[in-house]
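We use all heavy atoms of the structure for the numbers below, so side chains are in, but hydrogens, waters and symmetry mates are not. This is a predicted model, so every value here is computed, not measured. If you read the sequence from its start, that first residue is 1, and numbering goes on from there.
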Amino acid sequence: MKKIVAFAAFLLFLQSLVKAQNSDLRFGFQVSPMFSWMATDESKINGNGTNLGLKLGVNGEIFFRENYAFILGVGFAFNSGGTLRHDVAGEYWQRSPLPPEVQTSFFPAGTDLKYNLQFVEIPFGMKFRTNEFGYIRYYMELPVITIGFRSQAQGTIEYSGVNAEKIDIKKEVNPLTLSWGLGGGIEYSISENTALVAGLGYQNVFTDVTKDYSNISSKARINNIIIRLGILF
């Protein structure tokens with residue numbers, strides 16, 4: 001949260017600076033629900049569940065023409081991830097302290113590993129919008145590149161009637177991710193300088209999220225569908 005407050009203060013300073021140079025900067029906040037799921041490039045490890053998460057953040061838009069802007073921001077992605085089912089038996093999450101109810105180090109085929117991840121995200125990209133029609137503008141953001149820093153990671157192991165939750169799995173998740181995304185929606189003006197934002201976005205983490213196990217190698221990715229809700233000033 002301190003990072004978001006600091007970035008908001010930076011945007012306010014930048015806004016006063018660019019306005020002095022007859023440029024235009026807007027900033028805003030988002031509270032955006034998202035649906036996350038995971039997939040891998042290994043046929044024996046498949047997605048088996050979706051997480052309901054949330055994005056909170058501060059966004060800035062620097063317009064270099066009336067309807068064209070660079071976008072940047074900082075925020076949090078809560079409960080990103082999903083569930084991966086392992087169709088082959090093996091040793092999983094051996095870097096993490098497993099709870100007493102997990103009485104094996106070799107898990108059977110059909111074991112589900114659920115990832116509940118939190119990231120600090122820094123997105124940047126391009127925004128295109130239409131002229132205003134009444135109180136409404138339509139916009140598109142493309143491409144949006146996001147750097148993610150893992151801040152928390154918890155997991156659940158489920159197999160053969162065992163369900164062990166809230167396992168610290170930071171050592172199983174890579175600390176840095178890169179993703180690309182796109183989105184679009186509407187801005188609804190409620191005053192001369194304030195607009196409500198609603199839209200839909202897609203984000204794909206294309207770097208490997210998880211660390212490989214001793215008996216199998218795979219590349220795990222996260223996909224997010226984001227319901228963009230926010231306000232711009």
Side-chain angles (χ1 to χ4, degrees), residues 1 3-37 50 52-80 119-149 177-206 221-233:
M1 187 59 67
K3 294 179 180 179
I4 293 179
V5 173
F7 189 74
F10 170 74
L11 286 178
L12 286 172
F13 169 76
L14 188 60
Q15 184 181 38
S16 62
L17 181 65
V18 297
K19 281 188 177 299
Q21 300 176 359
N22 296 319
S23 300
D24 190 14
L25 181 143
R26 304 180 76 187
F27 74 96
F29 303 91
Q30 68 162 326
V31 182
S32 301
M34 68 176 180
F35 299 92
S36 298
W37 69 96
T50 302
L52 175 61
L54 184 70
K55 284 182 180 286
L56 298 177
V58 179
N59 305 303
E61 301 178 353
I62 303 173
F63 283 87
F64 56 92
R65 296 187 63 181
E66 182 179 359
N67 292 322
Y68 302 87
F70 297 111
I71 56 176
L72 70 159
V74 66
F76 292 98
F78 297 97
N79 204 36
S80 183
F119 295 96
V120 177
E121 295 187 327
I122 301 176
F124 57 94
M126 294 286 296
K127 178 174 181 176
F128 312 92
R129 67 181 187 181
T130 66
N131 293 325
E132 194 168 34
F133 302 97
Y135 297 100
I136 293 176
R137 292 179 186 265
Y138 299 93
Y139 74 88
M140 174 172 285
E141 295 175 342
L142 173 73
V144 180
I145 304 299
T146 301
I147 304 171
F149 301 91
T177 63
L178 292 173
S179 64
W180 71 272
L182 54 85
I186 64 171
E187 299 177 8
Y188 183 83
S189 297
I190 56 176
S191 72
E192 182 179 355
N193 297 313
T194 306
L196 300 177
V197 178
L200 194 65
Y202 171 73
Q203 180 184 15
N204 172 257
V205 179
F206 58 83
R221 302 175 299 276
I222 299 176
N223 298 281
N224 298 319
I225 295 293
I226 304 150
I227 302 173
R228 176 79 178 275
L229 302 173
I231 186 167
L232 286 169
F233 301 96

Task: Lys127 and Glu187: CA distance, side-chain angles, deciding distance, salt bridge (Lys or Arg N to Asp or Glu O under 4.0 Å) verdict - done: CA-CA 12 Å; Lys127 178 174 181 176; Glu187 299 177 8; 2.4 Å; yes
Roughly how far, to the nearest 0.5 Å, is the [atom2] atom of [Y] from the [atom1] atom of [X]?
X	Y	atom1	atom2	result
Arg221	Ser179	CZ	OG	13.5 Å
Arg137	Ile186	CZ	CD1	13.0 Å
Asp24	Arg65	CG	CZ	14.0 Å
Tyr188	Thr194	OH	OG1	13.0 Å
Leu232	Ile190	CG	CD1	10.0 Å

Task: Pairs involving residues 139-149, ordered by first then second residue, that meet side chain to side chain donor-acceptor pair (under 3.5 Å) (sequence neighbours left out) - done: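 For residues 139-149, and leaving out neighbouring residues, the side chain to side chain donor-acceptor pair (under 3.5 Å) pairs sorted by first residue read Glu141-Arg228.
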Looking only at heavy atoms, what is the nearest atom pair of [X] and [Y], with distance?
X	Y	answer
Ser32	Ile226	CB-CG2, 3.7 Å
Gly134	Glu132	O-CG, 3.3 Å
Met34	Asn79	CE-C, 4.5 Å
Leu229	Pro33	CD1-CD, 4.0 Å

Open item on the list: If we ignore hydrogens and angles and just use 3.5 Å, is the side chain of Thr130 paired with the main-chain N or O of Tyr138 as donor and acceptor?
Closed with: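 Answer holds: yes.
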- [ ] For the pair Arg129 (side chain) and Glu66 (backbone), establish whether a donor and an acceptor sit closer than 3.5 Å, ignoring hydrogens and angles.
- [x] yes
Does [X] reach the side chain of [Y], with side-chain heavy atoms less than 4.5 Å apart?
X	Y	result
Phe149	Ile122	yes
Lys55	Phe78	no
Phe64	Ile62	no
Asn59	Ile71	no
Asn131	Asn67	yes

TODO: Using ring-ring contact (aromatic ring centres under 6.0 Å, His included) as the criterion, list what pairs up with Phe128, not counting sequence neighbours.
DONE: Tyr68
- [ ] Show the numbers, then the answer: is there a side chain to side chain contact (heavy atoms under 4.5 Å, CB included) between Leu178 and Ile147?
- [x] CA-CA 5 Å; Leu178 292 173; Ile147 304 171; 3.8 Å; yes
TODO: Pick out which of Ile225, Asn224, Ile222 makes a side chain to side chain contact (heavy atoms under 4.5 Å, CB included) with Trp37.
DONE: Ile225
TODO: For Met140, look at atom CE and say whether over 12 heavy atoms of other residues, nucleotides or ligands are found less than 6.0 Å away.
DONE: no
- [ ] Check side-chain contact (heavy atoms from CB on, under 4.5 Å) between Asn204 and all other residues, then give those that pass, not counting sequence neighbours.
- [x] Trp180, Tyr202, Phe206, Asn223
